Amino acid sequence: MVVGVLQLILHCHASHSLKEKRGVVRKIKSRLRNEFNVSVSECGEQDQWQTIVLGVCQVGSDHSYVQGTLEAATNFVERLHLAELVKTQVELLHY
């Protein structure tokens, strides 16, 4: 079993309140879930207006499948143009 964890740090220039940020986060999370069938959660900086930290998780039996899904999810978030991708970090755990 392979567990892939992806951390995305984004900067939302258009957000001027926590309410606007929540709308952007909600859009990104729902689109990632629908497109890739992954688990997504906002994991940090929840009180910051323009910083978004998302955790994305994929579980599978094949290392390359899990890694490919997380890379595709990263590219997908970038192409949405809802927020600027600042940093990514991927960790793959084998059980």
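Here the structure is a predicted model, which means the values were calculated and not measured.
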Could you give the distance from [atom1] ([X]) to [atom2] ([Y]), rounded to the nearest 0.5 Å?
X	Y	atom1	atom2	result
K29	L32	NZ	CG	10.5 Å
L80	I28	CG	CD1	6.5 Å
L93	H63	CG	NE2	11.0 Å

Quick one: does any side-chain atom of [X] pair with a main-chain N or O of [Y] as donor and acceptor, under 3.5 Å?
X	Y	answer
K21	C12	no
E20	H16	yes
S15	W49	yes

(message) With no hydrogens and no angle check, just 3.5 Å: does a side-chain donor-acceptor pair link Q50 and H13?
(response)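 Per modelled atom types, Q50 and H13 side chains form no pair under 3.5 Å.
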
Shortest non-hydrogen separation from [X] to [Y] and the atoms involved:
X	Y	result
V2	D62	CG2-C, 4.3 Å
V66	G60	CG2-N, 3.7 Å
Q48	L18	O-CD2, 3.7 Å
G55	C43	N-SG, 3.5 Å
L92	G4	CD2-CA, 3.5 Å

(request) Determine, step by step, whether M1 and V59 satisfy the side chain to side chain contact (heavy atoms under 4.5 Å, CB included) criterion, reporting the C-alpha distance in whole Å, the side-chain angles of both residues, the deciding distance to 0.1 Å, and the verdict. (result) CA-CA 7 Å; M1 174 171 63; V59 178; 3.9 Å; yes

Quick check: is [Y] connected to [X] through a chain of hydrophobic side chains (ILVMFWY, heavy atoms under 4.5 Å apart)?
X	Y	answer
Y65	L70	yes
V5	V53	no
V24	L54	yes

(request) Could you tell me whether R26 and E42 have a side-chain N and a carboxylate O separated by less than 4.0 Å? (result)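 Looking at R26 and E42, the cut-off is not met.
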
Are [X] and [Y] side-chain neighbours, meaning at least one heavy-atom pair lies under 4.5 Å?
X	Y	result
I52	I9	no
L8	K87	no
N37	R33	no
L6	Q89	no
L82	K27	yes

(request) Please state whether the rings of F36 and F76 are parallel, tilted or perpendicular, taking 30° and 60° as the class boundaries. (result)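 F36 and F76: perpendicular rings.
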
(message) Tell me every residue that passes side-chain contact (heavy atoms from CB on, under 4.5 Å) with S39, counting only those two or more places apart in sequence or in another chain.
(response)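 Expected list: C57.
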
